[in-house]
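Input: a single structure, listed below in structure tokens.
These numbers come from a predicted model, not from an experiment.
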Amino acid sequence: MVVATIGLAFAAAFVWIVIPPLLQHPDILGAFAAGFVNPYSSGYALDAICCWLVLAAWVAYEAKAEGIRHGWIALVLGLAPGVATGFAFYLLLRMRRRGTTRGHRRQAEDA
């Protein structure tokens with residue numbers, strides 16, 4: 001529940017912060033480049049990009065090794081709204097696949 005809340009909260013904040021100026025000036029490349037306007041924002045932007053690359057490698061590996069399907073959705077969500085939402089989605093997808101969500105534990109306890 002915490003992971004889902006964080007992922008959804010980030011997505012909501014992203015929409016609240018980014019969409020209004022993007023609607024006024026619909027320059028997606030310019031918006032992306034704006035993340036690199038100074039050394040500090042460049043560091044955070046580079047961190048987000050590298051986190052997405054790590055997530056992509058993990059999704060690709062587990063698709064083959066664990067048979068986890070639909071991880072590509074997490075990668076798309078990692079591009080927009082961002083890695084926080086994409087990673088949260090993937091963790092929930094993974095937990096569901098492995099049967100470690102609360103609902104699956106309750107079913108196992110009831111059996």
Side-chain angles (χ1 to χ4, degrees):
M1 186 67 167
V2 173
V3 172
T5 301
I6 292 169
L8 290 172
F10 174 78
F14 180 86
V15 167
W16 181 265
I17 294 167
V18 173
I19 297 302
L22 191 59
L23 290 175
Q24 289 177 350
H25 305 285
D27 178 12
I28 294 175
L29 290 177
F32 178 77
F36 294 91
V37 296
N38 64 53
Y40 304 109
S41 63
S42 296
Y44 285 114
L46 185 59
D47 178 58
I49 292 167
C50 289
C51 285
W52 186 90
L53 291 171
V54 169
L55 178 62
W58 188 10
V59 166
Y61 168 77
E62 285 199 338
K64 291 180 182 176
E66 303 289 331
I68 298 176
R69 298 177 11 196
H70 308 299
W72 63 269
I73 298 170
L75 299 179
V76 172
L77 289 171
L79 294 173
V83 179
T85 300
F87 184 46
F89 175 84
Y90 187 72
L91 287 178
L92 293 171
L93 182 70
R94 187 174 187 266
M95 288 188 315
R96 184 174 177 197
R97 167 78 165 110
R98 292 178 169 223
T100 57
T101 58
R102 185 182 317 171
H104 290 283
R105 279 190 298 225
R106 282 191 188 155
Q107 288 174 354
E109 291 171 3
D110 291 342

key: same_hphob_cluster(Val76, Ile68) at 4.5 Å side-chain heavy-atom cutoff   = yes

request  = Kindly work out whether a path of hydrophobic side-chain contacts (I/L/V/M/F/W/Y, heavy atoms less than 4.5 Å apart) joins Ile28 to Ile17.
outcome  = no

task = Kindly indicate whether the side chain of Val59, heavy atoms from C-beta on, has any atom under 4.5 Å from the side chain of Trp72.
result = no

Applying side-chain contact (heavy atoms from CB on, under 4.5 Å), can you list everything that pairs with [X], at least two apart in sequence or on another chain?
X	value
Phe14	Phe10, Val18, Pro81
Leu91	Val3, Trp58, Phe87
Ile73	His70, Leu77, Phe89

note = Note: Phe36 and Leu46 closest approach over all heavy atoms is CE2-N, 4.3 Å

request  = Please indicate whether Tyr61 has more than 12 foreign heavy atoms, meaning atoms of other residues, nucleotides or ligands, lying under 6.0 Å from its OH.
outcome  = no

query = In this structure, which one of Leu55, Leu75, Val83 forms a side chain to side chain contact (heavy atoms under 4.5 Å, CB included) with Tyr90?
reply = Leu55

query = Does the Arg97 side chain pair with the main chain of Glu66, one donor and one acceptor, at a distance under 3.5 Å?
reply = yes

query = Atom CE of Met1 and atom CD1 of Ile6: how far apart are they, to the nearest 0.5 Å?
reply = 11.5 Å

task = Might you work through the side chain to side chain contact (heavy atoms under 4.5 Å, CB included) test for Asp27 and Phe32, ending with a clear yes or no?
result = CA-CA 9 Å; Asp27 178 12; Phe32 178 77; over 6 Å; no

